Amino acid sequence: MLMEKWSTTTIADFRRTLLAWYDQEGRDLPWRHDQDPYHVWVSEIMLQQTQVNTVIPYYQRFMAAFPTVEALAHAAEPDLLKAWQGLGYYSRARNLQRAAQQLVTDYHGQWPRTAVALQDLVGIGPYTACAIASIAFKEVVPAVDGNAFRVFARLLLIDADIAQPKTRQLFFDAIHPIVDPQRPGDFNQAVMDLGSSYMTAKNSDPAHSPVRRFDASYRDNRVLDFPVKTKKPRPKLIPYYGLLVHSPAGDLVVQRTSQQMLTGYWTYPLVTKADLQPDEAPEPTTLAADITAIEQRWAQDYHLAVTFQPLGGQAVSQTYTHQRWQVKLLVAEVSSALDLTYFPGEWVPREQVKALPLPKVQEKMMQRWAKSRSAVNK
DNA sequence: GAATCGTGGAC
DNA sequence: TGTCCAAGATT
């Protein structure tokens with residue numbers, strides 16, 4: 001395996017160079033105004049798989065709404081989910097609150113101060129634990145995230161596949177002796193700033209990097225060969241029907257269960273073909289046949305007599321990490337608020353639907369429905 | 001170890 | 001429109 005070796009002199013030189021650049025050019029971010037572990041923690045969770053510019057307004061609103069660990073621990077779940085709406089990976093929000101409750105009850109408000117101990121909190125894995133421990137508690141550990149992978153794969157010519165979980169330990173061991181023991185938190189954050197400026201995945205600019213003279217991949221003109229990362233399969237297409245049902249009491253909405261993705265968020269009822277024909281062999285069906293099957297299902301299972309009409313135009317599409325939803329919309333207008341005793345949903349007045357925690361796919365369905373109504377009224 | 005879990009930006 | 005990417009953790 002390729003791997004550049006650095007002398008202790010080179011390591012000291014690198015630390016000075018990196019931190020001098022960070023002191024001059026490091027970004028002024030809302031969560032960098034102090035080393036409060038709560039601030040570091042919330043920002044690190046939000047920043048998982050999410051870009052800085054996206055996080056900033058969420059972080060500011062979140063701190064205004066939940067200024068302390070105690071406030072977060074006692075927050076109402078709908079308020080929490082609403083604050084997280086649009087950030088994605090929603091289990092992060094619920095885990096954040098669960099960990100806040102752990103801190104209050106199990107730790108009596110006293111933060112564990114090491115990376116190892118921090119990982120006992122829900123949602124804090126190896127990366128986030130090291131980030132908090134180094135920034136808030138000055139533990140000398142590398143925070144091995146995507147930036148660290150990219151930066152040190154290039155600097156040190158490490159060609160291990162970063163898509164493999166075991167590779168994380170290899171990078172940890174390689175970076176650990178390089179971390180500045182006096183300023184571990186600043187070291188880690190400097191690496192992140194480097195990884196999101198001069199050493200990005202695509203439009204990197206290694207020629208002007210402050211650590212160019214340490215960059216073996218630049219020296220060898222092989223910058224884009226690193227890091228090595230195997231590709232993931234394309235998202236699988238899943239056809240859905242989105243059921244837009246309106247009554248004098250409002251729109252029919254359902255809350256996603258813990259068995260489903262987008263847990264706790266609200267959508268119009270969604271059904272897949274698999275829901276309509278639970279048997280293994282998915283036979284090709286027509287739109288009319290699917291509508292009939294849905295209507296029969298609603299009559300039998302939910303005691304709801306509803307007639308659906310297809311809503312014209314393109315289906316709503318939503319791409320997730322491993323699924324691609326294609327949602328065809330069906331509309332039903334009912335003259336009275338049907339009894340929902342047997343249906344796991346609620347009638348909500350249209351103006352109040354927007355106040356619920358909603359995923360992006362729901363916002364798209366709402367827009368499409370509103371657009372069709374305004375077209376009719378012209 | 002592989003699969004799962006959201007969204008927005010860049011090209 | 002499609003593709004890849006962005007401060008990962010959990011099961």
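The model shown is predicted, which means the values in this text are computed figures rather than measured ones.
Between Tyr320(A) and Ala163(A), the residue anchored closer to the 5' end of DNA chain B is Ala163(A), taking for each the nucleotide with the nearest heavy atom. Nearest-nucleotide positions on DNA chain B place Pro233(A) closer to the 5' end than the other of Pro233(A) and Glu363(A).
Rounded to whole Å, atom C1' of dG6(B) lies 14 Å from atom CG of Leu358(A). In this entry the distance linking CD of Gln318(A) with C1' of dT7(B) reads 7 Å, nearest Å.
Under 4.0 Å is where a charged nitrogen must lie from a carboxylate oxygen, and between Asp186(A) and Arg32(A) no such pair does. Using a cutoff of 4.0 Å between basic side-chain nitrogens and carboxylate oxygens, Arg154(A) and Asp215(A) are not scored as salt-bridged. Ion pair Arg219(A)/Glu4(A) flagged as a salt bridge, since at least one NZ, NE, NH1 or NH2 atom sits closer than 4.0 Å to an Asp/Glu carboxylate oxygen.
Note that the first and last nucleotides of DNA chain C, 5' to 3', having any atom under 4.0 angstrom from a heavy atom of chain A are dT3(C) to dT10(C).
Counting non-hydrogen atoms under 4.0 angstrom, Leu87(A) reaches a base of the nucleic acid.
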All N/O donor-acceptor pairs, side-chain side in residues 69-81 of chain A, below 3.5 Å, sequence neighbours left out:
residue: His74(A); atom: ND1; partner: Glu70(A); partner atom: O; Å: 3.0

List, one per line, each side-chain donor-acceptor pair under 3.5 Å for residues 221-237 of chain A, sequence neighbours excluded.
residue: Arg222(A); atom: NE; partner: Asp225(A); partner atom: OD2; Å: 3.2
residue: Thr230(A); atom: OG1; partner: Asp161(A); partner atom: OD2; Å: 3.1

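By the ring-ring contact (aromatic ring centres under 6.0 Å, His included) test, Trp31(A) pairs with Tyr59(A), sequence neighbours left out.
A close approach under 4.0 Å does occur between a side-chain nitrogen or oxygen of Gln164(A) and OP1 or OP2 of dA2(B). Proximity of His322(A) to the phosphate of dA3(B): no side-chain N or O atom is located under 4.0 Å from OP1 or OP2. Residue Gln323(A) places at least one side-chain N or O under 4.0 Å from the OP1 or OP2 atom of dC5(B). Within the 4.0 Å cut-off from OP1 or OP2 of dT7(B), not a single side-chain nitrogen or oxygen of Tyr58(A) is found.
One C1' atom belongs to dT1(C), the other to dG8(B), and the distance between them is 16 Å to the nearest Å.
Pairs passing the ring-ring contact (aromatic ring centres under 6.0 Å, His included) check and including a residue from residues 1-27 of chain A, sequence neighbours excluded, read Trp6(A)-Phe14(A), Trp6(A)-Phe214(A), Phe14(A)-Phe214(A).
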List every contact pair, protein side and nucleotides 9-11 of chain B side both N or O, where the distance is under 3.5 Å.
residue: dC11(B); atom: OP1; partner: Asn203(A); partner atom: ND2; Å: 2.5

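The side-chain heavy atoms of Tyr240(A) and Lys273(A), taken from C-beta on, include no pair separated by under 4.5 Å.
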